[in-house]
**Q** 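Take a look at the following structure, please.
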Protein chains: 4
Amino acid sequence: MALDSTGRDHTEDNAQHGNIAADRLRSLVERIERLEEERKALAGDIKDIYAEAKSAGFDVKALRALIALRKKEPAEIEEQETLLDLYKRALGM
Amino acid sequence: MALDSTGRDHTEDNAQHGNIAADRLRSLVERIERLEEERKALAGDIKDIYAEAKSAGFDVKALRALIALRKKEPAEIEEQETLLDLYKRALGM
Amino acid sequence: MALDSTGRDHTEDNAQHGNIAADRLRSLVERIERLEEERKALAGDIKDIYAEAKSAGFDVKALRALIALRKKEPAEIEEQETLLDLYKRALGM
Amino acid sequence: MALDSTGRDHTEDNAQHGNIAADRLRSLVERIERLEEERKALAGDIKDIYAEAKSAGFDVKALRALIALRKKEPAEIEEQETLLDLYKRALGM
DNA sequence: CAAGAATTATGAACCC
DNA sequence: GGGTTCATAATTCTTG
């Protein structure tokens, strides 16, 4: 284990090495922050493409809807569709 | 029971009354939609109060934090505070 | 205005009545909490209906999908549909 | 420009090449989907690290709070803290 | 107790 | 630039 709410470290031999948990924490934080940076960069790239699409005359909102549709559709072909259709018919939809 | 994935209704005497499940479904849907409407109205009311607070000079973000704080158990608040401080110190913050 | 980050109240005659902002804050908080309680109660009612539906043999997930569909569809009939269809056809979808 | 709501393409010489806009659209969609895939992978990696932290005995919620804290400007943290304390005192908390 | 879904909150983006 | 809507992130709750 690591640092708990008492600030005590109960892990086997980590008791002698109080800084081990701190090092572990620092490592975790750095890895997370590094990945979040990359993710933020990707988000920026995506935003840029949407901006490019807009300046090329495409409707960004419809484009987003298109992307979302392509993401969803394979999932919707799944098992639930049958029941949903059944319920829709039961309500005359 | 009601409509299952085969579209067949296995309930005792509902077999003779295929529309019973449909009526039941319609009733459920209507009750849910009615309640969701009310809930949406309440959400609008809450939003209005935050807007009123803002125009009265209060900081909405801090106000939200205050409301959230009052929802939590004092013990839970203390626990999280303690851990956060511990982690901050471990990183020398 | 009300309480600001200095804790000073700069509003006209509220300077004499330092508690006015506090009363105003208390009132806002109480109204918000009251409405949130009602909203929570409604959420509970809705949950109960889903439980009732489940025990009546309906598939809750499909039922949720149905409700969501009835909420969305009128909005999707709007103007964006045309563009979306156009884009879909452009991609051969 | 590209496809507009009439499905007509008014761009200069693109009239002769009706498929140019479609190709452009396809390219945009593919680039976006590619980047979103990468972003999703990163999100998964981050989730994995939090899981690793949890199994190492760290409190995930506090860890998230720590990461969020490090993202904010010290001045912003101070500002929000001050306001929250002010509001708490106003309510006698 | 872990995993997945659903609701809620926060932050960004677009329009006015 | 401010407000509103949309998208994403996170917490909570339910279910297996």
Side-chain angles (χ1 to χ4, degrees), chain A residues 32 35-36 39-40 42-55 58-69 71-72 75 78 80, chain B residues 32 35-36 39-40 42-44 46-48 50-55 59-69 71-73 76-77 80, chain C residues 32 35-36 39-51 53-55 59-68 71-72 75-76 78 80, chain D residues 32 35-36 39-40 42-55 59-69 71-73 76 80:
Chain A
I32 290 169
L35 290 173
E36 284 194 346
R39 190 167 56 160
K40 190 176 177 180
L42 278 176
D45 292 345
I46 292 171
K47 204 179 86 177
D48 289 346
I49 300 182
Y50 277 112
E52 178 188 334
K54 180 176 186 170
S55 74
F58 292 99
D59 182 284
V60 171
K61 188 171 178 178
L63 182 52
R64 283 187 187 278
L66 178 69
I67 301 274
L69 193 72
K71 217 183 295 176
K72 236 176 291 174
E78 285 170 26
Q80 289 287 341
Chain B
I32 290 169
L35 290 173
E36 283 194 348
R39 191 167 57 156
K40 189 176 177 179
L42 279 176
I46 292 171
K47 204 177 109 179
D48 289 346
Y50 276 112
E52 178 188 334
K54 179 174 187 171
S55 74
D59 182 283
V60 171
K61 189 170 179 176
L63 182 51
R64 284 186 187 278
L66 178 70
I67 301 274
L69 200 65
K71 257 187 251 178
K72 290 184 192 167
E73 293 285 332
E76 180 63 22
I77 297 169
Q80 286 301 123
Chain C
I32 290 169
L35 290 172
E36 284 193 348
R39 190 168 56 156
K40 189 176 178 181
L42 279 176
D45 291 346
I46 292 171
K47 206 179 80 176
D48 289 347
I49 300 183
Y50 277 112
K54 180 175 186 172
S55 73
D59 182 284
V60 171
K61 189 170 178 179
L63 182 51
R64 283 188 188 278
L66 178 70
I67 301 275
K71 215 184 297 177
K72 235 176 290 176
E76 280 182 349
E78 285 169 26
Q80 290 286 341
Chain D
I32 290 170
L35 290 173
E36 285 195 346
R39 190 167 56 156
K40 189 176 178 180
L42 279 176
D45 292 345
I46 292 172
K47 205 177 107 178
D48 288 347
I49 299 183
Y50 277 112
E52 177 187 334
K54 180 175 185 171
S55 74
D59 183 282
V60 171
K61 189 170 179 177
L63 182 51
R64 283 187 189 279
L66 178 70
I67 301 274
L69 201 66
K71 255 187 254 179
K72 288 184 193 168
E73 292 286 332
E76 179 63 21
Q80 286 301 123

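Within every chain, numbering begins at 1; the chains are lettered A, B, ... in the order of the sequence lines, protein sequences first and strands thereafter.
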**Q** How close or far is atom P of E:dA6 from atom CG of C:Leu66, stated in whole angstroms?
**A**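 In whole Å, E:dA6 P lies 14 Å from C:Leu66 CG.
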
**Q** Find out whether D:Glu52 and D:Asp48 are in side-chain contact, i.e. whether some heavy atom of one side chain is under 4.5 Å from a heavy atom of the other.
**A**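 The answer is no, as the side chains (C-beta and beyond) never meet within the 4.5 Å cut-off.
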
**Q** Are OP1 or OP2 of F:dT12 and a side-chain N or O of D:Lys61 less than 4.0 angstrom apart?
**A**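 Affirmative; the distance criterion is met.
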
**Q** Which whole-number value in Å describes the distance from D:Ile67 CD1 to F:dA10 P?
**A**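 Rounded to the whole Å, the gap is 10 Å.
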
**Q** Classify the nucleic acid contact of B:Lys54 as base, sugar-phosphate or nothing, counting any heavy atom under 4.0 Å across all strands shown.
**A**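 Touches sugar-phosphate only.
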
**Q** Counting heavy atoms from C-beta on, name the nucleotide in F:dT5, F:dT14, F:dT8 closest to the side chain of C:Lys47.
**A**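 Selected nucleotide (nearest to the side chain): F:dT14.
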
**Q** A:Ile49 has an atom CD1; how far is it from atom P of E:dA13, in whole Å?
**A**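 For the pair A:Ile49 CD1 and E:dA13 P, the rounded distance is 14 Å.
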
**Q** When the distance from CD1 of A:Ile32 to P of F:dA9 is rounded to whole Å, what number comes out?
**A**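 In whole Å, F:dA9 P and A:Ile32 CD1 are 14 Å from each other.
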
**Q** Atom NZ of C:Lys40 to atom C1' of F:dT11: distance rounded to whole Å?
**A**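 Whole-Å distance recorded here is 14 Å.
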
**Q** Give the minimum heavy-atom separation between C:Arg39 and B:Leu42, together with the two atoms involved.
**A**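 Residues C:Arg39 and B:Leu42, closest heavy atoms: N-CD1, 3.5 Å.
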
**Q** Once you round it to whole Å, what is the distance between C1' of F:dA10 and CZ of A:Arg39?
**A**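 Those two atoms, CZ and C1', are 11 Å apart.
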
**Q** Is there a side-chain contact between D:Arg64 and the phosphate of F:dA10, meaning an N or O under 4.0 Å from OP1 or OP2?
**A**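 True: D:Arg64 side-chain N/O within range (under 4.0 Å) of F:dA10 OP1/OP2.
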
**Q** State, yes or no, whether a side-chain contact exists between A:Leu63 and A:Leu66 at a heavy-atom distance under 4.5 Å.
**A**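 Side-chain contact under 4.5 Å: yes.
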
**Q** Should D:Glu36 and D:Lys40 count as side-chain neighbours, where that means a heavy-atom distance under 4.5 Å?
**A**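 D:Glu36 does not reach D:Lys40 side chain to side chain.
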
**Q** Using heavy atoms to find the nearest nucleotide of DNA chain E for D:Lys72 and B:Glu36 separately, return the residue whose nucleotide is more 5′.
**A**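 With D:Lys72 and B:Glu36 compared, the 5'-side residue is B:Glu36.
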
**Q** Report the distance from atom CG of A:Leu35 to atom C1' of F:dA9, rounded to the nearest whole Å.
**A**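 Roughly 16 Å, once rounded to whole Å.
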
